[in-house]
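A short worksheet on the structure shown next.
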Amino acid sequence: MYQVNDHVVYGNYGICVVKAVGKLEMDSVVKDRLYYTLEPLYSEKNKIYTPVDKKDASMRCAITEQEAWKLIDGIREQEMIQVADEKRAEHEYREIMKTNECTGWSRIIKTIYLKNRKRLEGGKRYTAKDDVYLRLAEDFLYRELAAALNVNREDVESIISDRVKQLS
């Protein structure tokens, strides 16, 4: 069970702070059920209510600062996503996004970044679908890393880039 002030990742809302755990006084909820009151860090939504006893893979503990640095330090060794064609790539990206995990988001970013670099060197443009998944993966990963490292979301890309260069 999560506690008040814990950082969690909840579905498409991304990183949230647990603001309360308890019963809710609302007409639309089960009266004797415990709920988490979540407040997204990077979303317009004010509060989210979700049952404590709901078995839901879309909520997990946010990564710690130590885990964030370990993830960043492991980027160079991460395997790219190997797919034979663009249709299969989109399916693979979608499935990875559903896992709601930092390592998966990082693999998508690395794969698309390197694929796009190769395409541009060959005089080709990158695909719109790749751009969509790249932005989604960056948004989710960078928000979680920003919270773990206690930095602004806008600074995360340069922090990763600088750290990867240092380790080269």
Side-chain angles (χ1 to χ4, degrees), residues 1-3 6-19 21 28-29 33-119 126-149 151 153-154 156-157 159-161 164:
M1 189 163 148
Y2 302 108
Q3 304 299 317
D6 282 352
H7 283 84
V8 297
V9 176
Y10 184 67
N12 292 335
Y13 297 103
I15 192 149
C16 300
V17 177
V18 177
K19 288 298 190 179
V21 180
S28 61
V29 300
R33 198 171 188 187
L34 292 177
Y35 289 83
Y36 292 115
T37 301
L38 307 177
E39 188 174 283
L41 289 181
Y42 303 101
S43 173
E44 299 296 318
K45 186 138 176 89
N46 290 333
K47 291 195 167 80
I48 302 163
Y49 305 100
T50 187
V52 167
D53 60 355
K54 183 179 178 187
K55 300 297 180 221
D56 192 350
S58 67
M59 190 156 106
R60 64 171 172 79
C61 286
I63 63 172
T64 64
E65 181 179 5
Q66 182 180 11
E67 291 168 329
W69 287 120
K70 185 177 178 182
L71 176 74
I72 293 168
D73 291 346
I75 288 174
R76 291 180 61 78
E77 287 77 34
Q78 257 184 354
E79 289 183 28
M80 289 179 54
I81 300 164
Q82 302 296 325
V83 290
D85 60 64
E86 290 302 319
K87 285 190 183 219
R88 188 75 191 137
E90 181 181 1
H91 173 76
E92 191 70 22
Y93 299 155
R94 191 176 328 110
E95 292 302 309
I96 291 170
M97 290 299 295
K98 285 180 190 176
T99 67
N100 205 19
E101 292 292 332
C102 291
T103 304
W105 300 329
S106 179
R107 287 183 64 217
I108 289 171
I109 294 165
K110 179 178 181 177
T111 299
I112 294 174
Y113 175 80
L114 294 175
K115 187 167 75 168
N116 285 346
R117 194 167 74 180
K118 188 175 180 180
R119 289 179 69 84
Y126 51 88
T127 69
K129 288 290 181 191
D130 277 355
D131 192 45
V132 167
Y133 284 100
L134 177 63
R135 298 295 162 236
L136 275 173
E138 285 177 337
D139 191 45
F140 281 101
L141 180 63
Y142 294 177
R143 288 187 297 176
E144 189 161 354
L145 289 175
L149 300 174
V151 299
R153 190 260 183 238
E154 296 78 25
V156 171
E157 188 171 3
I159 290 170
I160 293 170
S161 178
V164 169

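Atom set for the values below is all heavy atoms of this structure, side chains included, hydrogens, waters and symmetry mates excluded.
Side-chain contact between Arg76 and Val164: present, with at least one pair of heavy atoms (C-beta onward) separated by less than 4.5 Å. Side chains of Val17 and Asp6 form no contact here, defined as non-hydrogen atoms less than 4.5 Å apart. When side chains are defined from C-beta on, Thr50 does not count as touching Tyr35, because their heavy atoms never get closer than 4.5 Å. Leu34 places none of its side-chain heavy atoms less than 4.5 Å from the side chain of Asp53. Side-chain contact between Ile72 and Leu149 is present, with heavy atoms from C-beta onward closer than 4.5 Å. Within the 4.5 Å cutoff, no side-chain heavy atoms of Val18 are placed close to those of Glu39. Contact annotation: the side chain of Trp105 approaches that of Met97 to within less than 4.5 Å [non-hydrogen atoms, C-beta and beyond]. Under the 4.5 Å side-chain criterion, counting only non-hydrogen atoms from C-beta, Leu141 is in contact with Ile109.
Note: Glu90 CD to Tyr133 OH = 4.5 Å, rounded to the nearest 0.5 Å. Taking OG1 of Thr111 as the reference point, atom CD of Gln82 lies at 7.5 Å (rounded to 0.5 Å). Atom CZ of Arg94 sits about 11.5 Å away from atom CG of Leu136, to the nearest 0.5 Å. We find the CG-CE distance between Leu114 and Met80 to be 5.0 Å, quoted to the nearest 0.5 Å. For the atom pair CD1 of Ile112 and CZ of Arg119, the computed distance is 11.5 Å after rounding to the nearest 0.5 Å. Taken to the nearest 0.5 Å, the CZ atom of Arg153 stands 9.0 Å off from the OH atom of Tyr42.
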Given side chain to side chain contact (heavy atoms under 4.5 Å, CB included), test Glu144 with Cys102 step by step and report yes or no. CA-CA 8 Å; Glu144 189 161 354; Cys102 291; 3.3 Å; yes
Starting from the C-alpha separation in whole Å, work towards a yes-or-no answer on salt bridge (charged side-chain N to carboxylate O under 4.0 Å, His left out) for Arg135 and Asp139. CA-CA 6 Å; Arg135 298 295 162 236; Asp139 191 45; over 6 Å; no
Start with the C-alpha gap between Val8 and Leu38, add the side-chain angles, then the distance that decides, and say whether side chain to side chain contact (heavy atoms under 4.5 Å, CB included) holds. CA-CA 9 Å; Val8 297; Leu38 307 177; 4.0 Å; yes
Determine, step by step, whether Glu101 and Arg107 satisfy the salt bridge (charged side-chain N to carboxylate O under 4.0 Å, His left out) criterion, reporting the C-alpha distance in whole Å, the side-chain angles of both residues, the deciding distance to 0.1 Å, and the verdict. CA-CA 10 Å; Glu101 292 292 332; Arg107 287 183 64 217; over 6 Å; no
Take Tyr2 and Met59 through the side chain to side chain contact (heavy atoms under 4.5 Å, CB included) test and state the conclusion after the steps. CA-CA 10 Å; Tyr2 302 108; Met59 190 156 106; 3.2 Å; yes
Checking Val156 against Val151 for the side chain to side chain contact (heavy atoms under 4.5 Å, CB included) test, could you report, in this order, the C-alpha distance in whole Å, the side-chain angles of both residues, the deciding distance, and whether it holds? CA-CA 7 Å; Val156 171; Val151 299; 4.1 Å; yes
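Heavy-atom neighbours of Asn12 CG from other residues, nucleotides or ligands within 6.0 Å: at or below the threshold of 12. Within 6.0 Å of CD in Gln66 there are 12 or fewer heavy atoms belonging to other residues, nucleotides or ligands. No more than 12 heavy atoms of other residues, nucleotides or ligands shown are found within 6.0 angstrom of CD on Glu79.
Defined by atom type and a distance below 3.5 Å, a donor-acceptor pair is present between the side-chain atoms of Ser106 and Gln78.
Shown here for Ile108 and Ala137, the closest heavy-atom pair between the two residues is CG2-CB, 3.8 Å. Considering every non-hydrogen atom in both Ile81 and Ile96, the closest pair reads CD1-CD1, 3.4 Å. Between Pro40 and Asn46, the shortest heavy-atom contact is CD-O, 3.8 Å. In this structure, Met1 and Gln3 approach most closely via the heavy-atom pair O-NE2, 3.4 Å. For the residue pair Ile48 and Cys16, the shortest heavy atom distance occurs at CD1-SG, 4.2 Å. Here the closest non-hydrogen pair linking Ile160 and Leu145 is CD1-CD1, 3.8 Å.
A distance-only check finds no donor-acceptor pair linking the side chain of Arg33 to the backbone of Val52 [under 3.5 Å]. Remark: side-chain polar atoms of Lys115 are not paired, donor with acceptor, to backbone N or O of Lys110 under 3.5 angstrom.
For the pair Arg143 and Phe140, the cation-pi criterion (under 6.0 Å, within 45° of the ring axis) is fulfilled.
For Thr64, the side chain to side chain donor-acceptor pair (under 3.5 Å) partners two or more places apart in sequence, or in a different chain, are Glu67.
The aromatic ring centroids of Tyr49 and Tyr36 lie 6.0 Å or more from each other.
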